[in-house]
Protein chains: 2
Amino acid sequence: MQEICAEAGMSPGNLYRYFPSKEALIIGISERNRADAMESFAAAESDPNFFRGLENLARHHLVERTAQEVGLCAEIMAETRRNPEIARVYQAIETELRARLVALLKSASERGEILSDLDFDSAVSALMVLADGMSWRRAVDPNFDPEVVLPLILHMVHCVLTEPPRAQAALPEKSS
Amino acid sequence: MQEICAEAGMSPGNLYRYFPSKEALIIGISERNRADAMESFAAAESDPNFFRGLENLARHHLVERTAQEVGLCAEIMAETRRNPEIARVYQAIETELRARLVALLKSASERGEILSDLDFDSAVSALMVLADGMSWRRAVDPNFDPEVVLPLILHMVHCVLTEPPRAQAALPEKSS
DNA sequence: TTTAATTGAGCGAACGTTCATTCTTATTTA
DNA sequence: TAAATAAGAATGAACGTTCGCTCAATTAAA
């Protein structure tokens with residue numbers, strides 16, 4: 001809260017005129033992030049090129065964000081594990097996000113840009129793995145350069161969405 | 001600390017006989033994780049099939065772990081952002097891990113299992129993105145099933161390591 | 001002058017931590 | 001063998017600090 005006060009250029013007392021609690025403040029920030037994400041989705045959905053739309057989406061949320069914003073997101077994610085109410089809100093947002101991503105994939109598959117017989121839910125889960133991973137790398141590793149890694153990530157996304165899954169070679173596992 | 005005490009079946013006082021501080025305790029847990037990871041690496045390195053070795057590594061660290069272990073890792077990662085000493089230790093571990101991964105990739109590329117003209121550092125960064133992403137999804141999303149998503153992740157890894165990067169189509173960006 | 005905006009010292013609760021105390025186990029003495 | 005003693009393991013109430021939060025007091029705007 002001290003940090004947030006400093007960042008907002010406000011005393012704690014004044015900050016509490018705008019938000020009744022830390023929880024409400026976090027939910028407010030989450031809401032802002034949600035709105036921002038949904039705006040980006042609108043842009044991505046209106047792009048006739050699915051992969052370009054997705055790249056812009058990724059750029060906006062994983063590269064262009066300031067270190068501070070990324071840090072704040074990390075903090076909220078961690079808070080999720082402590083505060084059940086925040087966890088609820090967070091999951092509601094993620095549910096909406098998933099639906100939006102699934103829709104994006106479906107329309108792309110209808111246009112033939114990606115596989116048609118895709119397990120959309122799993123694919124979206126994989127995308128979210130990538131997003132969270134990028135976010136946390138940024139939050140935790142000062143040497144991490146999203147600009148360098150993003151092309152690889154996009155390459156991976158392209159593969160998983162356009163190439164049929166390899167027949168999982170059921171090689172006998174080497175037990176450790 | 002309460003949770004850790006409960007988990008350890010110990011009173012706080014007794015726990016402090018084994019660790020001089022919460023910081024030391026966290027560093028101890030990190031050290032245990034590090035040792036475990038290094039053991040897994042040894043197994044992966046001795047597997048003649050790179051991808052099978054990597055899959056076992058991933059399975060061990062991202063699927064087989066209990067929800068509790070995953071949660072603990074998440075907590076430590078979050079702590080990293082607050083406690084500089086823990087951040088230092090964490091980064092030291094990650095540096096070692098990176099080196100180990102780079103070595104793994106290099107030997108695989110020498111055996112012709114993956115691309116030879118790979119930017120190993122970036123590839124490892126991408127792998128760590130995937131690992132952190134899987135970890136955090138598990139920590140934050142109760143509906144996340146690593147068993148379902150892992151095949152997709154492995155597919156992606158296979159692509160990025162064996163297929164030369166697409167010439168990044170420098171399409172004009174659609175500004176939001 | 002009234003109203004709204006803003007402050008920051010300070011509150012209670014929760015945190016990480018400590019320590020006087022009790023319980024257990026091992027060792028010595030009778 | 002049983003009692004006495006010493007040592008180690010474990011406890012949990014309590015400590016000081018930090019956290020989220022409040023409110024009497026002050027400043028700025030209407």
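In this text the structure is predicted, and so the values were computed from the model without any measurement. In what follows, every chain begins at residue 1, and chains take the letters A, B, ... in the order their sequences are listed. Below, each value reflects all heavy atoms present in this structure, side chains not excepted, and no hydrogens, waters or symmetry copies.
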- Message: Could you check whether A:Glu69 pairs with A:Arg138 (Lys NZ or Arg NE/NH1/NH2 to Asp/Glu carboxylate O, under 4.0 Å)?
- Response: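 Salt bridge absent between A:Glu69 and A:Arg138.
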
- Item | Salt-bridge criterion met for A:Arg59 and A:Glu55 (N-O under 4.0 Å) |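 Result for this pair is yes, salt bridge flagged.
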
Is atom [atom1] of [X] surrounded by more than 12 heavy atoms (other residues, nucleotides or ligands) closer than 6.0 Å?
| X | atom1 | answer |
| --- | --- | --- |
| B:Arg32 | CZ | no |
| B:Glu39 | CD | no |
| A:Glu23 | CD | yes |
| B:Glu96 | CD | yes |

Rounded to the nearest angstrom, tell me the gap between atom [atom1] in [X] and atom [atom2] in [N].
| X | N | atom1 | atom2 | value |
| --- | --- | --- | --- | --- |
| B:Ile4 | C:dT17 | CD1 | P | 10 Å |
| B:Met1 | C:dT18 | CE | P | 10 Å |
| B:Met10 | C:dC23 | CE | C1' | 15 Å |

- Within residues 14-28 of chain A: residues closer than 4.0 Å to DNA chain C (heavy atoms):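 Those residues are A:Asn14, A:Arg17, A:Tyr18.
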
- Query: If you measure only the distance, is there a donor-acceptor pair under 3.5 Å linking the side chains of A:Ser30 and A:Arg34?
  - Reply: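 The criterion, which ignores hydrogens and geometry beyond distance, is not satisfied for A:Arg34 and A:Ser30.
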
- Message: Over 60° means perpendicular and under 30° means parallel, so tell me whether B:Trp136 and A:Trp136 are parallel, tilted or perpendicular.
- Response: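 Rings of B:Trp136 and A:Trp136: parallel, as their planes differ by under 30°.
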
- Message: Could you tell me the boundaries of the chain A footprint on DNA chain D, defined by atoms under 4.0 Å from its heavy atoms?
- Response: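 Both ends considered, the range comes out as D:dC19 to D:dC23.
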
